[in-house]
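Numbered from 1 within each chain, the chains take letters A, B, ... in sequence-line order.
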Amino acid sequence: MEDRTVELRIPARTELIALTRLVVSTLALTRRELDEERVDDLKLAVSEAVTNAIESYGTDVEGKAVTVFWTEQSDKLEVRIQDVGKGFDLSRLAAHPPVTDSARLQFERGLGIPLIRSLVDEALFEPSEDGTSVCLSMYCGSLSYTGDPAAL
Amino acid sequence: MEDRTVELRIPARTELIALTRLVVSTLALTRRELDEERVDDLKLAVSEAVTNAIESYGTDVEGKAVTVFWTEQSDKLEVRIQDVGKGFDLSRLAAHPPVTDSARLQFERGLGIPLIRSLVDEALFEPSEDGTSVCLSMYCGSLSYTGDPAAL
Amino acid sequence: MELALEEREIGDWAVLAVRGEVDVYTAPRLRERLIEIISRGARRVVVDLEGVDFLDSTGLGVLVGALKRLRSNDGELDLVCTQPRIRKVFEITGLTKVFSIHESVEEATSGSGE
Amino acid sequence: MELALEEREIGDWAVLAVRGEVDVYTAPRLRERLIEIISRGARRVVVDLEGVDFLDSTGLGVLVGALKRLRSNDGELDLVCTQPRIRKVFEITGLTKVFSIHESVEEATSGSGE
Ligand SMILES: Nc1ncnc2c1ncn2[C@@H]1O[C@H](COP(=O)(O)OP(=O)(O)O)[C@@H](O)[C@H]1O
Ligand SMILES: Nc1ncnc2c1ncn2[C@@H]1O[C@H](COP(=O)(O)OP(=O)(O)O)[C@@H](O)[C@H]1O
């Protein structure tokens, strides 16, 4: 599998999140099985996860990086987002109140993880004291290239 | 400098060269100092170097990768392309004959390194038995973002 | 990496057209502009998202924040959004129930704003 | 990652319009198509590069190869290329002296081909 992984490592700077989106959507678009809507879904989910990864460093971003791994498996695309930030307790994330005009408006934050969960087929969060790894999967049957496989 | 480096690692597959071009030109375009023509020059030079890096593995590309490092220094942009292929002897590269209709036509290959050298401000080739590192620089005075530096 | 903001007035509506990508990097500019518009006294604001290519949860948060600010002043914030990819983000998060989302700036500004 | 090839005939010229990126990944398709055109008996070929976004040394090599093949059959290969970014690649490598490069397909196909 090693040789099927594309790895992008960026300094923890928010202006580089757009680059991770570009790379992931470019790679996803070369796959016949993902239509544009699913590519957009994956792109947004990755963007949210990279945002969280950068924010895991707080203001202490000097020398810190976030790594995005893109791996193609026989039946799915997998994107792993990794930071070495402070981690978090998944079970303690605030639950959002049911959607009603008044209560819902309290939540300007905390939309990222719920979004991620509903956008991809599988989202695995692995926070630890040494950082967090988030693994996002999109199932797509057997994979094949849209490009012509002719090689020199 | 570590925290100013973007790193892209791809499996040694030619269909991924386009991705390295996209990443490099996207990063270069966020810099005011490089006009479009210089961005295109850098993009082509990087593409040629990545092509050579992939070809350094011959047909034995299984599990092999090429890494592209993008680093911003105070006065220049630097792109390093690294492979762990077989290396080569720079001093033995065939020189092209002067441009004349007949002799010039013998050369369908061997245009990559001459192109690289004329496209970037500085090209350093470091072949070794453990692989080759090619460092391409574009000088561009003091650097600043075209994007708004506002952060959350 | 780009965000373009363009403001105009239609009747008593302040219309802010947003173009480009709204994410954690660009959202602060959108927030600042909305705060500026509101603190200038605007009560009825339309944010036109037709030119937006990408909107993340930070962008949603900025819009929710502006809506709260306006409502607490008896104001209103409406959106224009027909692009499925952007609309979907409001749908998933349940925010279609919170915002009035219109098909066009004309439709948004011809309503009563309530 | 895309390459589109479109063929047509103008008088006794075979015109191949190329769109997209020509690099080591896509160039083999261009080469195959050119070989096919030549082996069908075409002697006067125009390659229209106006739709090309990117051209690397492998692409140059394919064009040089086709030119050689045609010349050895008393044929001719001309190019159409006005885009500075693509033209520059021919200039740097000295290949502007080897190819006839035209401003338009009309210009290319109205010449004598010699
Ligand atoms: N990679 C991460 N590292 C550390 N904490 C994280 C990470 N991802 C998420 N979190 C925590 O989970 C919380 C909820 O995340 P999210 O739903 O994306 O909303 P938001 O980022 O707007 O707070 C964050 O505020 C943060 O405390
Ligand atoms: N990264 C590399 N690893 C091994 N050999 C290389 C590398 N880069 C260049 N070379 C050698 O230098 C030669 C000339 O390269 P270049 O000028 O790009 O032309 P071409 O790739 O068309 O042969 C190559 O054929 C190869 O033998």
Supply the atom-to-atom distance [X] [atom1] to [Y] [atom2], rounded to the nearest 0.5 angstrom.
X	Y	atom1	atom2	result
A:Leu16	B:Leu27	CG	CG	6.5 Å
B:Leu19	A:Trp70	CG	CH2	10.0 Å
A:Arg4	B:Arg13	CZ	CZ	5.0 Å
A:Arg9	B:Leu8	CZ	CG	13.0 Å

Can you check whether A:Val6 reaches B:Pro11 side chain to side chain, under 4.5 Å on heavy atoms?
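Side chain of A:Val6 against side chain of B:Pro11, heavy atoms only: contact under 4.5 Å found.
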